[in-house]
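Just so it is clear: chains get the letters A, B, ... in the order the sequence lines come, proteins before strands, and each one is counted from 1.
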Amino acid sequence: MFIAVLSNGIGVEAQAPAHLTRIPIGLINTTADCTNRTVEGKVIRKGPLVKLVSDNFILKAVIQEHDATLNDLSQNLSINVFLFGSLAKSFSEVVSEGDVVLAYGFTVGKSPTAKKDKLHPCNLILSGDNAGIYVTRVSKAPKYTYVKLDDLKDGSVVNIYGVVVFFKQPFQSHGTDFCSSLKITDQSKQNIGCTIFCEKLEDHPIILQTGDIVRMHRVKAKLFNNSITLINTFGFSVVTFNGSVGEPVEPWTCSKSFHLDEEDRRTVEELRSWAASQGLRSLVSSAVPLSDIQPKSYFDLTCQLLAKAPIQSTCTLLRVWDGTRCPHPLLEIIVEPGVTEGPTSFSKAKESLIANVLVFDNHMNFAKQLKPGDFLRIYNLHAIPGSNKVPGLTSRQPAKMDHLAFHLHGGTSFGKGIRILPENCPDVQKLKRVLEFLPEDREQELNDLELIEVWCTPPESLDGDALERSGVCTERSCSHQMQPVMLSQLKQNHPDGPHHVRVQLRSYEPRRHHQALKLFCSKCSSIQDVPDDEVVAGIFSEASRHSESCSSPPWLQSGYVYRPGGSLASLDRALGVYLCTQLVADETANDLIFLHGSTLEETCRLAEGYPNLVPVMSSGGHLALLDPSAPFLFRGRRRYYRCQRCSKAILRKPSFDMLEEIDEKVIAEALGVQLLQFVLLLKLELQDSTDTLNVLLMKHTELFFNVLAEDASTNEEAQSRVRQSMDILCPPEGSMGERPWLDLCLTAYRAEDDGQNQTCYQICNTTLLTPLPNMTPPEGVSHKREEPRCSSEIHSVNNVNVM
DNA sequence: GGTTAGGCTTCG
C-alpha cells in the first residue's frame, strides 16, 4: 500500500517510478498486461468508505482521462476504480474530487455495471501491498493552515476559523478607522476577543447573528489583560458564513475575491454542527418579531424600512415592518412636514403593522445611508413602555403605560447597531415572502373607503361600544364601491359576485383549530385532510420493509448517511441514500437526498441537517416515491405533499438549473409532482339582526388572520394566532353582546353541493385587525396545546365547493 | 506596518 500527496503544481507522472509506463484509460482492456503500467485520471466521483467484515474496507471511485490529447481514443474515458483495505481508508481521508491521481499495481476486471453506468467496460482493482496511488491536488490558491483557538501564541500571525458568540457592527473609532469587535469560539471551547480596524466598511466582517462563522486570514495574537486577543494585521481578510446547518456554504458577500475549497466547506460544516450541538446559535439569538415583543425587553428586529425622517438633531425615526402586528399599542410620532424620505402615510391596514423606531446619536450616521425598501436588522432595540418623553410624541394622546416606544440608544454596548441585510440571506427571503401576502397599499382609496364606512353602516353598528371594548375590527382591502346589505336581503336575492356585510360571528367549525388545516390542489381543486403522524409513520415502516436493494436509475448514485442517534461505530447506523449525479458533479449533492428505508422519525431528524429529503422505496425492483399520503418532501420542519390525481407516479430524472435555489417548487416540478398547498378552511355562521348565513373562509384565510397556512402546519405561534383570533370573534363562553361587529367582503358563487346547484359564499379581501391576538385570551378559554396535524374528519366542511 | 478598542444597556 502506498499513497502520497504531491505538492501543488507537480505533475503526478513526474514522481512515478521510472519503470512504470502509462496506459491511457481508453486503451484498458482485460487482456492487456498491466504489470508495471500506470493509469492517470481526475477523480470525478468519490464514494463513501464502506467497512466490510474483518476490518476490511472498500471504496469506489470514478476517474476520468484528463489528458485532452487522448480524448479521441475511445468513448470509455471514465472508469470505475475499487480500492480495498488501508488504501481505501487513506484514499477516503486524503483524496478529494477534482484531484488527479496516478494508480499502479492494479488489476483489470470486467465491469458488471457497464451497461447501467455507461462507464468503461472494465474496472480497476487496487488491493494489497503492490498497489499504490500518487495524488496531485489541482489548486490555484496557496494553501492556508488554520490554527485552533487554544493554540494561539502571543505575537504570532495566524489564520483562524471561529463561531461568533458576540459581535458589534463596525463603529467609528476615535482614530481613523471603523472598528469591529467580536468574540469567537471553536471546538477548543476558547473564547477569543477580536478587534478589527479597517478604514473601509466593506473590509469588515458581515456578521448577522451570533452563531455565524468567520474565517480570518492574517490576524495577530496579542496578550491583553492576561488573555489572548486577535487583531487584524497587514494583508488581513475575512469572510463570513451563515452558521445554520444545511444552508449552502456561501459567504455573505460576493464582492471580494476569496478562495474556498472543499476543505473550507468541510470546516464550515464541522463548525456548524459543533455550534448546533453546543446550542450556540439558537440559545443566544435575540431575534424577535413585532408580534412577540415584551415591554422593557431588548431584542433584535429583522425588518424592512418603509420611510425615515429626522426628528431632532440627535434622533432619526425609522418606520419599519416585519409582517407581524405588535399586540401592544405603539406610540405615534409626529413628523415635520416635508422631511420624510419615503411615503408619509399608509393605508390603515398597513399602518397597523408599522413600528416606529427612534435611533439616537452615533446610529444616526448609519441611518443616513439607509433607503426605504432596505432590509435591516436592528440590534439590541429597546421596547420602552409608557414613555411620554419621546421626541415628536403626538400631543393628541397622553402617553399610556401600555404604549411602547422602540429606541436604539446611543453607544455600542451589547452590540447596539444596524446592519443592512444581504439579499441572499434566508431572513430576507423569508421576509419578502411574508410581506408579499400583506394587503396592498391603496392610499387613493383610503378616503373613499372611510366615507363609505360612515354612510353604509347598518344601524347596529351605531353602538360602537362593542368594537371599542373588544378592540377588534376588520378592514376590507377590496376596491368595491358598495353599501353593506343585511343578511336577509342577501339571502333573498343572492346574486353572484361581491357583497359587503356587517355581521357578528355566531358559530364556526372546526372548533379544534388544527383541523382547519387542509391540503389543496390548485390543479384539480380537491381538498383533503393532512394525514396524521401515525398514518405517515405506518407508510414509512411499510416502505422500509421493502428496502431491499433495487436498481437505481443512471441519474442517481448510491451513498449513505449516518442514522441519527446510536453509536458511531455501529455499522447499521448507515442509511442508504441516493444522490443526484448532476448535483454530485456540481458538488451540491447534499442539496437533495433520496432516502431509502428510513423511519419517519429518522427522516424528521435528518431533515434538521439536510435541506431537501425525498423518501423513496423499492417497488418492483425500481425506486419509487412512497404512498401519496406520505409527504414526498421534507424541508426542515416543513412537509410537502403531492396530489395523487395530478402527479405522475414514476420517479423521473430531475433537471436543475444550477443558478436556481432548490426549493419545494423546483423539486415538485423536477419530479413531475403536483404540489399540494396548505390552506386553512373554516366554515363560519354569520348573523345580523335579520338572518344568519353560512360562509367559508378559505381563499383569503391567510389575509384574514395574517398568517401563512404553511406556517400553521409547523409553527405554534401561527396556530395560536388563528386560535386566539377566533376566541376573540366568538368567545366560547361569552354573551352575544361581546362579539365584535365585522365588516366583511363576501363573494357569492354557484357550486354543486350534493348534486344541487347552490349559492355559496366566501369571505374575501378582509383582514382582521386585533391589537391583542397573542397576549391575553378572554377568560374561561382553555388553551390546551394543539397537535399540529390530524386526520380527523370534519363532516360539514369536507365536501367543500371551491371557487 | 501604524492610533483606534480592549463587549457588559438606557438623556431621549
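Distance from the side chain of A:H409 is smallest for B:dG12 among the nucleotides B:dG7, B:dG12, B:dA5.
Taking 4.5 Å as the limit, every side-chain heavy atom of A:H403 sits out of range of all side-chain heavy atoms of A:P385.
Within the nucleic acid shown, A:H382 comes within 4.0 Å of at least one base atom, counting heavy atoms only. A:G415 comes within 4.0 angstrom of no nucleic acid atom, judged by non-hydrogen atoms across all strands. Residue contacts for A:D361: at a heavy-atom cut-off of 4.0 Å it reaches a base atom on one of the strands shown. Here A:S413 lies in heavy-atom contact (under 4.0 Å) with sugar-phosphate atoms only.
The base of B:dG12 sits with one of its N or O atoms less than 3.5 Å from a complementary donor or acceptor on the side chain of A:T314. Contact annotation: side chain of A:K168 to base of B:dG7, donor-acceptor pair absent below 3.5 Å.
Look at the P atom in both B:dG6 and B:dT10: the space between them is 14 Å, to the nearest Å.
Position along DNA chain B of the nearest nucleotide to A:C179 versus A:N380 favours A:C179 as the more 5'-ward residue.
Paired with A:D212 under the rule side chain to side chain contact (heavy atoms under 4.5 Å, CB included), one option of A:W252, A:F167, A:F241 passes, and it is A:W252.
Residues A:S713 and A:R638 bring no donor and acceptor atom of their side chains to less than 3.5 Å of each other.
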